[in-house]
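Numbering of residues begins at 1 and proceeds along the displayed sequence. Start at 1 and go down the list; that is how both ligands and their atoms are numbered.
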Amino acid sequence: MTANRHDGDTWDLASSVGATATMVAVARARATRADHGLVNDPFAEPLVRAVGVDLLTRLATGELNPDDLTDAPDGPTASTESAGLAHNIDQVLIDAATVRTKFYDEFFLDATNAGVGQVVILAAGLDSRAYRLAWPTGTAVYEVDQPRVIEFKTRTLAELGATPTAERRAVAVDLRDDWPTALRTAGFDPARPTAWSAEGLLGYLPPEAQDRLLDTVTELSAPGSRLATESTPNPQPGDADKMEDKMKEHMRRISERWGAHSFDPDMAALVYFGERNEAAPYLSERGWALNGASIRELFAANGLAPIADDDIGLGDTLFVSGTLERATT
Ligand SMILES: C[S@@+](CC[C@H](N)C(=O)[O-])C[C@H]1O[C@@H](n2cnc3c(N)ncnc32)[C@H](O)[C@@H]1O
């Protein structure tokens, strides 16, 4: 388990788990400018600028490139067996955010074009889908995240003159608290089919909070509801400690490299490590019929360079989506 998290902890977009939402927006800003044309998020860069973390702004605008960070005077030396991935991991993370953004964009457009009129984006962060996707008329999009995150995004996008392309309903609540009541208060109707996403969220929840969240999503889902999330395979028995150490080492290296530029998010302290139920089989047992593709497969399908020396199993993460096929007991 992790040291720096506790029940009821809160954040803004420059601190703790909130900073991870800004990092993903950096990746979307860079992906938007890339030649591949896989992602178009015109709000990512202005949102990152507004957060005001200098290093992240310079990465988002392209003034700095991920490779430049290895040149930091007191950055780590790349000397371990995993140096290859450590060296290019920032680009890998940008590519991962690219295929992830495209996966969820397509999920939502497929669901709503098939008639699902209600969308819930859990842990929306700086996701601007409610402002940039071509939603069918009348689609209600609920964005759920911590109060300071929601308030910042709502205010900043209003100041930028952005207008939602759906009926956007912001729900400022912690997902470890009674979020279903907050969602219903905002107008959510559990009798209508819903398209749910939990993107980049589950690792920031303790294992039992993840189970509770997936149970609650299932309970609130009318037949025909859809869901998309990530599912990370547990390590082979006996490998868990080794894998956890490797992942922490990778995160430490990233944090250290960024720390040399006055931004140290201490990423390894934000995630809950240790065994947890794998989301995909857990959801299947509760009536969801899911299909999945690994990051590695999505890189190949989208023409992105394969992940080299992937000793932390980054490429094994599955993006899964599907429909609730039967009522749960
Ligand atoms: C890595 S970011 C992902 C944001 C967004 N889904 C994206 O992909 O751009 C993680 C997000 O989870 C949110 N989050 C994590 N734990 C949460 C909790 N207990 N309650 C509400 N939001 C939470 C954070 O505030 C942050 O916005």
Side-chain angles (χ1 to χ4, degrees), residues 2 4-32 39 41 43-45 47-48 51 56 60 93-94 96-105 107-108 119-133 141-154 156-157 170-183 186 195-214 216-217 227-230 232 251 254 265 267-272 276 295 317 319:
T2 356
N4 284 8
R5 299 288 314 280
H6 58 85
D7 283 352
D9 53 349
T10 67
W11 46 78
D12 59 18
L13 284 148
S15 61
S16 182
V17 186
T20 68
T22 310
M23 294 174 210
V24 186
V26 169
R28 282 196 296 267
R30 295 188 69 92
T32 297
V39 167
D41 183 353
F43 301 110
E45 184 185 316
L47 282 165
V48 174
V51 172
L56 297 183
L93 295 178
I94 290 164
T98 301
V99 296
R100 178 169 124 180
T101 302
K102 183 165 176 271
F103 171 84
Y104 285 96
D105 283 358
F107 164 75
F108 281 126
V119 164
V120 180
I121 302 178
L122 297 167
L126 293 178
D127 169 351
S128 65
R129 291 191 177 92
Y131 296 80
R132 67 176 176 82
L133 290 189
V141 177
Y142 296 85
E143 293 193 287
V144 187
D145 210 302
Q146 282 212 354
R148 283 187 282 168
V149 173
I150 288 285
E151 186 276 328
F152 175 87
K153 183 165 69 175
T154 305
T156 305
L157 286 171
V171 185
V173 67
D174 195 293
L175 287 162
R176 294 161 294 186
D177 293 342
D178 182 12
W179 60 270
T181 297
L183 191 60
W196 302 87
S197 71
E199 177 188 10
L201 166 65
L202 299 181
Y204 300 107
L205 295 175
E208 61 283 0
Q210 169 179 314
D211 292 349
R212 212 166 45 241
L213 181 103
L214 299 179
T216 307
V217 164
L227 176 150
T229 192
E230 295 107 48
T232 307
M251 289 175 162
I254 295 172
M267 309 242 289
L270 302 179
V271 174
Y272 287 89
R276 62 176 60 219
I295 293 191
T317 297
F319 292 103

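Residues Phe152 and Val51 are in side-chain contact: their nearest non-hydrogen atoms beyond the backbone lie under 4.5 Å apart. Looking only at side-chain heavy atoms (C-beta outward), Tyr204 and Leu270 come within less than 4.5 Å of each other. Residues Lys153 and Glu143 are in side-chain contact: their nearest non-hydrogen atoms beyond the backbone lie under 4.5 Å apart.
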Residue pair Thr32, Asp41: steps toward the side chain to side chain donor-acceptor pair (under 3.5 Å) verdict: CA-CA 6 Å; Thr32 297; Asp41 183 353; 5.7 Å; no
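The salt bridge (charged side-chain N to carboxylate O under 4.0 Å, His left out) search around Glu199 returns Arg100, Arg129, not counting sequence neighbours.
For ligand 1, the polar-atom distance check against Arg100 finds a nitrogen or oxygen pair separated by under 3.5 Å. Considering backbone and side-chain atoms together, Val24 places no N or O closer than 3.5 Å to any N or O of ligand 1. Considering backbone and side-chain N/O atoms, Tyr204 never comes within less than 3.5 Å of an N/O atom of ligand 1. Among the atoms of Ala21, none of the N or O lies under 3.5 angstrom from an N or O of ligand 1. Residue Thr20 has no nitrogen or oxygen atom sitting less than 3.5 Å from a nitrogen or oxygen atom of ligand 1, judged on distance alone. Close N/O approach between Asp127 and ligand 1 is not found [any backbone or side-chain N/O within under 3.5 Å].
The residue among Asp145, Asp177, Leu201 with a heavy atom at the shortest distance from atom 25 (O) of ligand 1 is Asp145.
Taking a 4.0 Å cut-off on heavy atoms, Arg28 registers as neighbouring ligand 1.
In terms of protein heavy-atom proximity, atom 4 (C) of ligand 1 is closest to Ala123 O, 3.4 Å.
Proximity to Gly200 (heavy-atom distance under 4.0 Å) selects the following atoms of ligand 1: 1 (C), 2 (S), 3 (C), 10 (C).
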